[in-house]
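In each ligand, atom 1 is the first atom listed, and ligand 1 is the first ligand listed. Everything quoted here is computed from the prediction, not taken from an experiment.
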Amino acid sequence: MSTVIVRLPASRPRRYDIRIEPGLLGQLGACVTRLTGGRYRFAVVISDSTVGPLYGRAAIRSLAAADIRAELLTFPAGEAHKTIASAQRLWDGLARLPVERATPVIALGGGVAGDVAGFVAACYLRGLPVVQVPTTLLACVDSSVGGKTGVDHPVAGKNSIGAFHQPIGVLIDPLLLASLPQREWSCGLAESVKHGVALDAKFFAWLKSHADELADIARRPNRRVAESADLLVRLIRWNCRIKAAVVSADERESGLRSVLNFGHTVGHAIEALAGFGRLHHGEAVGIGMMVATRIAVARGLADAKLADELGSLLDRLGLPAAVPGRLPAGEIVRWTKKDKKVRGGAVRFVLPAGIGRTKIVNDVSAEEISRAIEASR
Ligand code: NAD
Ligand code: GLY
């Protein structure tokens, strides 16, 4: 036997900054110039059909002010369009433009646009640089950071076709959340709760003490986020710090990063079974966290108080905590077996062992899952 070693130079960016600042979209051009060393005078903004009309022009204007010509490509909004067909149309669009391997792609939108644009960029010419500009709270606190990109597959499930492709920068302008529908606001808070329960007890306590104010922002007409800019920056920064620490320690999810899947095993199943787009991702994750917590309580891993505490926080944040009655437990259990978290045929569950602590197990039986689902109706 002979062995040849391939040593890889640090050819891809190995660090990047997450900037959080009200009004940052207006500085997009200057930021992209700095991130690309000012070498590229052309960029592509990829967005969805809701966010493109809202913020696409402002993005292009800011790029033009920095002497960067940009084209906007959009695809239909919503999880139902997080597909290879959308990616294909975007690749067709890129092929018609003067795109080179170093042409920056600006992913402007929520988690769906960020994941799709990131994936499109990861594959085109074997990898274009991406700047993530998140516009939903969920994308600000979670999906824009960490480099997971991809699309859903109708049989294989959520995010089953994808790539790790880290952005060269993440630019977060909390003022863009002013137009966010109330339901989407709550979805971002669900991922924040996930970070608290799974990794940071202090953050969970902070969320509890600010829950009413955070939920109230969602209820304000026109969101009026500027009034709560400091609170929002604090919320986003705390989440980004938690996520950045995890991703830095385990970029490709060979260990620690899997704790970020807390709530996702059942969450992905019910999101897909409800029909992509009916139950929103953050809502499904919230319900998934409840089911995982009930499994942990039934096993004696966590105190029953934890389920009550989690349920009451989700409720205060405007999130559902109950599994929809129309989804049969057996179907949910069957779907969990398709999840990316399956290892050697066993479904991996991230179970809470208290606030800020988790245990990953692969021996949860179908009966345990079903019982926890029924207890969560
Ligand atoms: P989304 O991107 O579908 O956005 C929700 C809706 O809000 C869409 O209709 C969108 O057009 C609209 N929207 C976005 N920004 C808006 C704004 N500022 N004003 C008005 N409307 C706006 O959904 P999401 O909740 O942001 O993201 C969910 C997706 O993120 C899921 O596909 C999930 O798998 C993915 N995700 C990825 C990661 C990751 O690490 N890559 C992490 C968590 C979630
Ligand atoms: N949202 C899970 C992760 O980024 O790993």
Is the shortest N/O to N/O distance between [X] and ligand 1 below 3.5 Å?
X: Lys82; result: yes
X: Glu79; result: yes
X: Ala77; result: no
X: Tyr55; result: no

Closest contact, heavy atoms only, Ser144 versus Pro167: O-CG, 4.0 Å
Shortest non-hydrogen contact from Arg69 toward Pro98: NH2-CG, 3.8 Å
Checking [Y] against [X]: is there a side-chain donor and acceptor pair closer than 3.5 Å?
X: Asn239; Y: Ser192; answer: yes
X: Glu253; Y: Asn261; answer: yes
X: Glu191; Y: His281; answer: yes
X: Asp200; Y: Trp238; answer: yes

Could you identify the single nearest non-hydrogen protein atom to [atom] and state the distance to 0.1 Å?
atom: atom 7 (O) of ligand 1; result: Glu184 CG, 3.8 Å
atom: atom 1 (N) of ligand 2; result: Asp142 OD1, 3.4 Å
atom: atom 43 (C) of ligand 1; result: Asp142 OD2, 3.6 Å
atom: atom 13 (N) of ligand 1; result: Val51 CG2, 3.7 Å
atom: atom 24 (P) of ligand 1; result: Gly111 N, 3.5 Å
atom: atom 20 (C) of ligand 1; result: Ser179 O, 3.1 Å
atom: atom 15 (N) of ligand 1; result: Thr135 OG1, 2.7 Å

Lys194 to ligand 2, any heavy atom closer than 4.0 Å: yes
Heavy atom of Lys243, distance to ligand 2 below 4.0 Å: yes
With a cut-off of 4.0 Å, which atoms of ligand 1 are near a heavy atom of [X]?
X: Lys158; value: 31 (C), 32 (O), 33 (C), 34 (O)
X: Leu54; value: 19 (N), 20 (C)
X: Thr50; value: 11 (O), 21 (N)
X: Asp48; value: 10 (C), 11 (O)

Ion pair check, Arg224 and Glu227, cut-off under 4.0 Å: yes
Salt bridge Arg220-Asp216, side-chain N to carboxylate O under 4.0 Å: yes
Proximity to ligand 1 by part of Asp115, non-hydrogen separation under 4.0 Å: side chain
Residues Lys148, Asp115; criterion salt bridge (Lys or Arg N to Asp or Glu O under 4.0 Å); working and verdict: CA-CA 7 Å; Lys148 280 190 182 175; Asp115 282 11; over 6 Å; no
N/O separation below 3.5 Å, Lys148 to ligand 2: yes
Nitrogen or oxygen of His264 less than 3.5 angstrom from that of ligand 2: no
Test salt bridge (Lys or Arg N to Asp or Glu O under 4.0 Å) applied to Glu374 and Arg377, step by step: CA-CA 5 Å; Glu374 295 309 341; Arg377 297 273 190 206; 3.1 Å; yes
Residues Leu63, Val32; criterion side chain to side chain contact (heavy atoms under 4.5 Å, CB included); working and verdict: CA-CA 8 Å; Leu63 289 159; Val32 170; 3.9 Å; yes
Residue of the set Val197, Val193, Leu235 for which side chain to side chain contact (heavy atoms under 4.5 Å, CB included) holds with Phe203: Leu235
Option among Val266, Thr336, Thr265 that satisfies the side chain to side chain contact (heavy atoms under 4.5 Å, CB included) test with Val291: Val266
For [atom], which candidate among [options] holds the nearest heavy atom?
atom: atom 1 (P) of ligand 1; options: Val112, Asn159, Leu175, Val151; value: Val112
atom: atom 18 (N) of ligand 1; options: Leu180, Leu176, Asn261; value: Leu176
atom: atom 14 (C) of ligand 1; options: Leu260, Thr74, Thr136; value: Thr136
atom: atom 38 (C) of ligand 1; options: Ala139, Gly146, Gly78, Ser143; value: Ser143
atom: atom 41 (N) of ligand 1; options: His81, Lys148, Lys243, Gln132; value: Lys148

Within reach of ligand 2, part of Glu251 (heavy-atom separation under 4.0 Å): neither
Structural part of Val246 in contact with ligand 2, heavy atom criterion under 4.0 angstrom: neither
Sub-4.0 Å heavy-atom approach of Pro181 to ligand 1: yes
Close approach of Glu191 to ligand 1, heavy atoms, under 4.0 angstrom: yes
Full working for side chain to side chain donor-acceptor pair (under 3.5 Å) between Tyr55 and Ser179: CA-CA 10 Å; Tyr55 301 116; Ser179 48; 2.6 Å; yes
Residue pair Glu184 / Leu138, side-chain heavy-atom distance below 4.5 Å: no
Val112 side chain near His81 side chain, heavy-atom distance below 4.5 Å: no
Side chain to side chain donor-acceptor pair (under 3.5 Å), paired with Lys158, selected from His153, Glu79, His268, His264: Glu79
